[in-house]
Every structure is written in structure tokens, then in C-alpha cells.
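Shown next, in C-alpha cells, is the structure this report addresses.
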Amino acid sequence: MPTQGSRIYPEVLGQLLEMMNERLKQLREDFDREIGLVTTETEATELRDRWVGRKSGLLTAEMKTLGKLTPEDRRLAGQGLNDLKTYVEAGIERLQLGFAAGREAEQLVRERIDVTLPGRRIATGHLHPITLLREKIEDIFVSMGYTIEDGPEIETDFYNFDALNIPSNHPARSWQDTFYLGDHLALRSQTSTVQIHAMQRRQPPLRVLAPGRVFRRDTPDATHNPMFYQVEGLLVDRGITLGDLKGTIQEFVHRMFGPETQTRFRPSYFPFVEPGAEIDYSCFKCNGTGCRVCKGSGWIEMGGSGMVHPNVLRTAGIDPEVFSGFAFGLGLDRLCALMYGLDDIRLLYENDVRFLEQFT
Ligand code: FA5
């Protein structure tokens with residue numbers, strides 16, 4: 001390459017240009033050979049750096065020497081160098097585009113989606129069958145003006161027994177085989193305890209539904225668990241009679257099991273109601289003719305009920321001369337088993353997802 005700082009004589013310049021053309025030809029051949037050997041993207045990058053890299057590129061260095069010529073000589077000598085540079089850059093770009101296209105094609109094959117494959121089912125959670133049943137019962141009573149009430153699962157003697165008209169020497173205390181947590185604390189054995197909390201919290205008129213867990217020292221079998229669910233109902237107002245209790249239960253049973261379902265009340269004893277009654281309803285499976293579900297009797301037991309005992313109203317701060325009320329308590333586990341055709345309520349607490357996810 002010319003390195004003189006001033007104008008070159010024409011004959012010298014001619015020789016110089018000839019030499020330079022020779023060199024450019026040689027460089028082009030070198031480049032063609034080198035580019036032919038490139039097989040990877042890294043090698044392509046190295047080739048670019050070696051030839052046209054800003055700092056140490058071969059052609060970049062050649063270009064720098066042009067600066068020492070006069071503008072007119074620079075134009076003559078620079079022409080071929082520029083053409084070679086364009087040639088080199090275009091070659092490398094083509095090479096890189098080729099690699100990029102190859103990479104993209106590879107990725108398309110790797111990430112190919114078969115849109116004809118059947119979709120995967122999205123796993124969704126399921127409500128527990130007891131929850132489904134509880135919500136159904138709640139909906140029916142809420143539509144009748146009841147509010148849902150909550151109460152503690154650990155209770156004092158007062159709420160467990162005294163306030164429910166069960167004095168300390170009363171046989172009913174042993175009747176329930178309670179889980180005691182201390183001298184005067186126990187796990188509640190029935191949701192009837194929430195009656196007291198509800199009446200203490202608010203004055204009549206009251207319409208309360210209290211679902212929740214209860215605990216008894218019962219030996220587990222197909223119809224007994226030491227922990228199970230109950231739903232308590234309580235209505236207190238002026239002039240409430242047994243007729244209101246019967247009408248309410250009948251309405252509930254119709255909405256729950258169908259309008260043809262019958263109810264019957266059998267006299268029974270619970271210390272916190274007077275009179276007390278067991279509620280039965282005609283079997284939803286056979287309509288009362290007798291089947292496996294109702295054990296041939298045509299009737300299914302639902303729970304206990306009765307008119308709230310005056311002592312209970314009084315203890316909770318409500319005047320029994322002014323107000324009266326009814327209460328009922330249903331066991332959810334057995335009802336759930338009957339409705340879903342389970343022959344053992346213990347299945348409900350085994351937490352086997354394959355079993356639980358069948359219920360909707
Ligand atoms: C009571 O618990 C009363 N509190 C019901 C009541 C409320 C009467 C308001 C009057 C006024 P009982 O002990 O019968 O009653 O229990 C009610 C229901 O709980 C039963 O019908 C039964 O379905 C269910 N139950 C009782 N023991 C168990 C148990 N170990 N496992 C599963 N369910 C049970």
C-alpha cells in the first residue's frame with residue numbers, strides 16, 4: 001500500500017496501483033478460502049473480527065494507511081480496498097444469516113406443537129361432599145331468612161351443659177361421652193351450644209343456622225365417627241309454636257329432597273327442649289315403600305328438635321313469658337352418606353382424593 005505523504009509521480013503511481021491490485025486480488029483469494037472453511041457461528045464471528053474488526057481487522061489496518069496519501073491518490077488507491085471491504089462484509093453477513101436461519105429451523109423442529117393432540121384436563125379443586133351438603137342446607141335456610149352463626153369448638157361447662165339445662169348431677173352429662181380438655185373445658189358434643197351464644201349476642205326475633213364440627217367419644221364404625229358435622233337451627237320470636245317447627249322442617253325437606261317427601265315427628269327427650277321430638281322423613285330413594293337406604297322402614301332419621309326450654313331462654317337472657325322458639329339439630333355425615341350412596345361415613349375423612357373428587 002502507498003505510504004508516501006505527498007503527491008506521487010504518475011508513473012510511480014501506475015506501478016503502485018498495479019501492485020495494489022495484485023495485493024487486493026491475493027487478499028480476496030485468501031478471504032474466499034477462509035470463508036469456505038467456516039463451519040460454526042463462532043468461526044464466522046472470528047472471521048469478521050480478523051478481516052473487518054474495528055481494532056485489529058486486516059482491512060481496517062489497510063484502510064488506515066490510506067490516510068497518509070493526498071486526497072486524489074487516496075481516491076484512486078482506496079477504491080479497490082473499499083470494494084474488497086464491501087465484498088468481505090457481504091460474504092460474512094450472508095454466512096451469519098445462513099446460521100441464524102439454521103438455528104431458527106432447528107428451534108421450530110425442537111419446539112414443534114402437535115395441535116391435533118387431545119388437550120390436557122386442567123385439574124381443579126373439589127369441594128368436600130360434606131361442604132357441598134352444608135352449602136345446600138345453608139342456601140335453603142338463608143332463603144328463609146336465617147343467618148349463619150359460628151361458635152367455638154372448645155366450650156366451658158356453662159355452654160356445654162349448664163346453659164342447655166343439663167345440671168351437674170343430670171344423667172345427660174354422661175349421655176354424651178365428652179372429650180374433656182380440663183376440669184371445666186371440653187370439645188363441644190353438639191352444635192346446640194351455639195344456640196346460647198346466638199341468644200346472648202342478639203335479642204329476638206332470631207333466625208339462626210349454625211353448622212359446625214362436634215366431637216363425641218364414640219367408637220368409629222359405619223355410622224359413627226368421633227368427629228362429625230351437625231347443623232343447628234334456632235328460631236325465637238313472639239308466639240312461636242310447634243306448628244312453626246313442623247312447617248319449617250317440612251319446607252326444608254321438600255326443598256332438599258322433593259315436594260313429595262313426608263316428615264314425621266316422634267316424641268323424644270333432649271334437656272334443652274320441651275317438648276322434644278326426633279324428626280324422620282320419608283325415604284328419598286323409595287318414596288316410603290322401603291329399600292336398602294331406609295333399611296326397609298320407608299323412613300330416615302334426620303335429627304332432634306323441639307321447643308326451646310324456658311330455662312334455656314332465661315339463662316340466655318330472653319324472657320320466656322314474652323318469647324318462645326324452636327330448635328333442631330341435624331347430623332350431616334349420615335345424611336351425606338345416604339345421599340351419595342356411601343355405606344360407611346368413615347370414607348368421608350380418609351382424604352382419598354380419588355374418592356373425594358367424584359362429588360360435585
Ligand atoms: C343432638 O345432638 C341434639 N343436639 C339435636 C337437637 C338440637 C335436639 C336441637 C333438639 C333441639 P343427637 O345426639 O341425636 O342430637 O345427634 C343428632 C345427629 O347427629 C344424629 O341424628 C346423627 O345424625 C348425628 N350423630 C350422632 N352421633 C354421631 C356420630 N358419632 N357420628 C356421626 N353422626 C352422629
Side-chain angles (χ1 to χ4, degrees), residues 134 137-138 140-173 175-176 178 184-214 229-252 263 265 267-279 302-331:
R134 175 176 56 77
I137 296 172
E138 282 178 3
I140 294 173
F141 280 101
V142 166
S143 77
M144 291 198 249
Y146 285 67
T147 51
I148 309 297
E149 195 92 17
D150 207 6
E153 290 181 345
I154 296 174
E155 289 284 16
T156 59
D157 280 350
F158 174 77
Y159 289 99
N160 264 329
F161 304 117
D162 302 335
L164 287 173
N165 200 33
I166 310 172
S168 50
N169 58 352
H170 198 286
R173 291 217 186 203
W175 159 68
Q176 280 171 356
T178 309
H184 302 290
L185 278 183
L187 295 176
R188 68 180 177 194
S189 55
Q190 50 186 342
T191 44
S192 298
T193 51
V194 189
Q195 287 184 32
I196 312 302
H197 290 288
M199 289 190 277
Q200 284 180 332
R201 280 176 202 149
R202 277 176 280 126
Q203 283 297 304
L206 273 180
R207 284 180 200 199
V208 165
L209 195 79
R213 290 193 300 181
V214 299
Y229 280 82
Q230 287 190 337
V231 173
E232 192 82 6
L234 171 72
L235 186 145
V236 183
D237 206 341
R238 287 168 205 267
I240 298 303
T241 66
L242 201 59
D244 295 305
L245 168 64
K246 285 180 132 182
T248 303
I249 295 297
Q250 186 140 11
E251 177 65 17
F252 163 67
T263 44
F265 289 74
S268 187
Y269 172 71
F270 299 95
F272 35 90
V273 286
E274 183 55 39
E278 287 282 352
I279 310 166
M302 190 159 88
S305 66
M307 301 303 292
V308 182
H309 197 291
N311 287 350
V312 175
L313 291 173
R314 211 174 288 115
T315 309
I318 292 171
D319 186 352
E321 299 299 325
V322 181
F323 294 103
S324 55
F326 64 73
F328 56 88
L330 322 174

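Along the sequence shown, the residues carry numbers beginning at 1. Values in this document were obtained by computation on a predicted structure and should not be read as measured data.
E274 pairs by the side-chain contact (heavy atoms from CB on, under 4.5 Å) definition with H309, not counting sequence neighbours. Every side-chain contact (heavy atoms from CB on, under 4.5 Å) that L164 has, sequence neighbours left out, goes to I166, Q190, S192, T193, I196, F272. Residues meeting the side-chain contact (heavy atoms from CB on, under 4.5 Å) test with R134, sequence neighbours left out: T131, E138, P211, L332. The side-chain contact (heavy atoms from CB on, under 4.5 Å) check on I154 picks up L181, L185, L187, with sequence neighbours excluded. Scanning for side chain to side chain donor-acceptor pair (under 3.5 Å) contacts around Y159 gives Q200, with sequence neighbours left out.
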### Message
Between F141 and F328, does the ring-ring contact (aromatic ring centres under 6.0 Å, His included) criterion hold? Intermediate values first, please.
### Response
CA-CA 12 Å; F141 280 101; F328 56 88; 5.3 Å; yes
### Message
Apply side-chain contact (heavy atoms from CB on, under 4.5 Å) to residues L235 and Y146 and explain how you reach the verdict.
### Response
CA-CA 8 Å; L235 186 145; Y146 285 67; 3.5 Å; yes
### Task
Carefully, step by step, assess Q230 and R188 under the rule side-chain contact (heavy atoms from CB on, under 4.5 Å).
CA-CA 11 Å; Q230 287 190 337; R188 68 180 177 194; over 6 Å; no
### Task
Quick one: do T147 and L209 satisfy side-chain contact (heavy atoms from CB on, under 4.5 Å)? Show the steps, please.
CA-CA 6 Å; T147 51; L209 195 79; over 6 Å; no
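I279 places a side-chain heavy atom less than 4.5 Å from the side chain of F265.
S324 places no side-chain N or O within 3.5 Å of a backbone atom of V308 that could act as its donor or acceptor partner. Using modelled atom types, no side-chain atom of R213 and backbone atom of E153 make a donor-acceptor pair closer than 3.5 Å. S268 places no side-chain N or O within 3.5 Å of a backbone atom of G276 that could act as its donor or acceptor partner. At distances below 3.5 Å, not a single donor-acceptor pair connects side-chain atoms of E232 with backbone N or O atoms of A210.
Here the OG1 atom belonging to T248 is positioned 12.5 Å from the CD1 atom belonging to I140, to the nearest 0.5 angstrom. Residue H184 holds its NE2 atom at 6.0 Å from CG of D157, rounded to the nearest 0.5 Å. E149 CD to M199 CE: the interatomic distance, rounded to the nearest 0.5 Å, is 11.0 Å. Considering CG of D150 and OG1 of T191, their distance stands at 11.0 Å, rounded to 0.5 Å. Rounded to the nearest 0.5 angstrom, F252 CZ and T263 OG1 are separated by 11.5 Å. To the nearest 0.5 Å, the span separating CG on D162 from OG1 on T315 amounts to 8.5 Å.
Of all heavy-atom pairs spanning L245 and S305, the tightest one is CD2-OG, 3.8 Å. Among all heavy-atom pairs drawn from N160 and S189, the shortest one is OD1-N, 4.1 Å. When all heavy atoms of L206 and Q203 are compared, the pair lying nearest together is CG-O, 4.0 Å. Pairing each heavy atom of L234 with each of A198, the nearest pair is CD2-CB, 4.5 Å.
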Quiz: residues 236-243 side-chain donor-acceptor pairs under 3.5 angstrom, not counting sequence neighbours:
residue: T241; atom: OG1; partner: G243; partner atom: N; Å: 3.2
residue: T241; atom: OG1; partner: D244; partner atom: OD2; Å: 3.4

